[in-house]
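This is the structure I want to talk about, given as structure tokens.
Note that the structure is a prediction, hence the values are computed from the model and not measured. In each ligand, atom 1 is the first atom listed, and ligand 1 is the first ligand listed.
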Amino acid sequence: MERRRVRVTGTVQGVGFRPFVYREATSLGLTGYVRNDSAGVVIEVQGEAGQVAELCRRLVEDAPPLARVDTVGTTEIPPARKEDAFVIATSDGHGAPDAPVSVDSATCADCLAEVDDPTDRRHGYAFTNCTNCGPRYTIVLSVPYDRPATTMAGFVMCAACQREYDDPGDRRFHAQPNACPTCGPQLAYDGSTEDALARAAAAIDHGKILALKGLGGYHLAVDAENPEAVAELRRRKHRDDKPFALMVPDLAAAHRLVHLDSPGEAALTSHRRPIVLAPRRAEATLSPKVAPGLPELGVMLPYTPMHHLLMARLARPLVLTSGNLSDDPIAHADDDAVARLGPMVDGILSHDRAIHIRCDDSVVRSTLGATQVLRRSRGFVPEPMALPFTGRRQVLAVGAELKNTVSVAKGATVIASQHIGDLEHLAAYQAFVQATEHLCRLHGITPDVVAHDLHPEYLSTKFATEANRAMLGIQHHHAHVASCLVDHGRVTPVLGVAFDGHGWGPDGTLWGGEFLVADFAGYERVGHLATVALPGGSKAIREPWRMAVAWAHRAGGEQLASDVGGRFDDRTGALLALLDAPSTLRTSSMGRLFDAAAALIGGRARVTYEGQAAIELEGLADAIRPSAADRYPVDQRWEDGCLVVDPSPVIAAIESAETGPAAKAAAFHQSIGLATAEAAAALARARGLDTVVLTGGVFQNARLTRIVAAALADVGLEVLVHRTVPPNDGGISIGQAAIAAFGA
Ligand SMILES: [Zn+2]
Ligand SMILES: [Zn+2]
Ligand SMILES: [Zn+2]
């Protein structure tokens, strides 16, 4: 006979862990209790030593589907005198919160079966959930995770629901959002609960634009096969070309639209239910305005009972895009949604379960045989990620400017926020401040240091300055490389290739085509793309033709620059003057080189969303296999101990080659990809490194990534690409947090 105190850490709250422990302990004839506390789950268990050991084994090996057990620690304590049962004790709210809240999870098969069953009391009920599925992070106000600490606090369970909640043998035992049509939240269409779902479906059927309240916020929804409706949505949302995501009724419908490989299909059907980007099928019948000019579509499956019920009625793809105007944060509060979305929509399908924290849909794609997360949000957040070391201080990392996220680090974990957005918008900045406070509160973080980008004008940097705590500025591309090291649990130095739009360099230029020898302790810039002017600053980012002129100037002087400029604008004199002006910033950005190529090859003069030019250029190259692509020369030379990769000959070749746009686009990818791999290999060898990290938003280009990775593998180098941490600026706060946690 022995008694042990068992501490379990990991994602063990809100995932049916206590009832699981109760059932296992009871079946083993053990006594004692289990309860949540702010650090996870505590168990005291008493009985025969072998049975106690068996329970500890089952805690790890048989945990419920949504649980993630990190550690199980046990200590022997004196046995209790009087104890005749195993019980679930009430939560202890003392101490600093340290227990991860679980992620929002798609409706499970058991719940769906009930929703579909005409004899079940939850037939057709849009808020059906259980311990294995349903809302979590988006309804949590504080920890420990219990019903009063969620937005379900105001709903009093009916007798039937309460019985399920109290019955350790029931699938809904202690399911905090448990509800039914009698006692739970209700759908309402334009304020009326009568036939809400049917009326909403009929409106979509008639080409109307609707706002739908989902799990992490409001979506705008419209029939994806109705071209006028999709065009109207673009007009009202002020969104010109940026692709819309689609929700499809089921997996078969997804297969009719896109080519899914097995990682893509696994991601699509996972409980995280992200948007999956995949190559569109030629025969897909959709409005061309869904994803204009792009070879990929973003599809997702229904993830709440409301989505399932709606999609079953409509039985066709639906455009489902964040409920916002242009790039504002997704609307999640009801009054805000009515105010902001009301004027844009013809109807609102809403409900009375509040969303406490907004959380956009996540976006993933299959890259080099496995999933890569491009936007890490609903379904992933707030799942902690392991650091490959134990930090000694608590860190808040505030990220960059675009695709902002914030992260906290404590001990050997880092926890990233959901996608917040582009901080240049005031509303996004307000969301950033809220997310930062919520993240620190939920995880009991009082930061010893605030890590931030070096860019002095980023609002995140300004926030760090005003936080009144120790600050640590971290170079943008160093953070990119570090974020990929976190992703792979590495601590040893690597050769990092960080290609993106731009990040502040300590030399006063904007970096973005960088080769760094880096680990968490520091970095050294050992190579970079040649620099050119960024004529007009942020204008040059929105107008790729300006970059075409800048690169043409470098490649062929005044004459080529004015020839190129003349194709886009008849007043290029002022632009040419800017190229040499001392006030013009210079950049080694790979993203801007892709913009230049897109303007030269595809005639893309202006973009309406970040990355548009490069995405279209990649699509243009699609028709040509990499092995059939031409290769143009690229210069490489040493300057001040740095290897400079100069693609000027590529620009000249694009201008002089007689081939068509597809061949030029393929040749551009081939030339830049192979030159990158050669430079990276040479630098890695020179430093005795065998691992190359590919990071930064430019590596969302699948074609470029494949060319570089294959060429590096061919010469025996290990290549790391991003998996769970986004390669774009959404991963910056994770890299910052790791670097800051590693230091001091
Ligand atoms: Zn369920
Ligand atoms: Zn009920
Ligand atoms: Zn970046």
Could you enumerate the protein N, O or S atoms under 2.8 Å from the Zn ion (ligand 1), written like residue then atom name?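 Sorted hits: Cys108 SG, Cys111 SG, Cys130 SG, Cys133 SG.
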
Test of geometry: compute the angle SG(Cys183)-the Zn ion (ligand 2)-SG(Cys161) and round it to 10°.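 Output for this angle: 110°, rounded to tens.
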
Restricting to N/O/S, name the atom of Asp729 that gets closest to the Zn ion (ligand 3).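 Nearest to the Zn ion (ligand 3) within Asp729's N, O and S set: OD1.
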
Using a strict cut-off of less than 4.0 Å between a Lys/Arg side-chain nitrogen and an Asp/Glu carboxylate oxygen, indicate whether Glu618 and Arg706 qualify as a salt bridge.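 Salt bridge absent between Glu618 and Arg706.
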
Under 4.0 Å between a side-chain nitrogen and a carboxylate oxygen: does that hold for Arg18 and Glu24?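 Salt bridge: no.
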
If you measure from the Lys or Arg side-chain nitrogens to the Asp or Glu carboxylate oxygens, is any gap between Asp507 and Arg525 under 4.0 Å?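 Yes, charged N to carboxylate O under 4.0 Å.
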
Can you tell me how far apart SG (Cys180) and CZ (Phe127) are? Round to the nearest 0.5 Å.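 Answer for the SG-CZ pair, Cys180 versus Phe127, is 12.5 Å.
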
For a distance under 2.8 Å, tell me if His476 has an N/O/S atom near the Zn ion (ligand 3).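 It does; at least one qualifying atom falls short of 2.8 Å.
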
I'd like to check Leu510 versus Leu534 (side-chain heavy atoms, cut-off strictly below 4.5 Å). Are they in contact?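 Yes, at least one pair of side-chain atoms sits under 4.5 Å.
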
With a distance cut-off below 6.0 Å to the six-membered ring centre and an angular limit of 45° from the axis, does Arg378 pair with Tyr303 as a cation-pi contact?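 Relative to the ring axis of Tyr303, which defines the angle, Arg378 lies inside both limits.
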
If I take every N, O or S atom of His477, is at least one of them less than 2.8 Å from the Zn ion (ligand 3)?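 So His477 does not count as coordinating the Zn ion (ligand 3).
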
Indicate yes or no: at least one non-hydrogen side-chain atom of Val692 is less than 4.5 angstrom from one of Val494.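 SC-SC contact between Val692 and Val494 ruled out.
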
Is it possible for you to check whether Arg272 lies under 6.0 Å from the centre of the six-membered ring of Phe380, through NZ or CZ, and within 45° of that ring's axis?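 Output yes; distance and angle both within limits.
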
Restricting to N, O or S atoms of Asp500, which is nearest to the Zn ion (ligand 3)?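 Distance check against the Zn ion (ligand 3) picks out OD2 in Asp500.
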
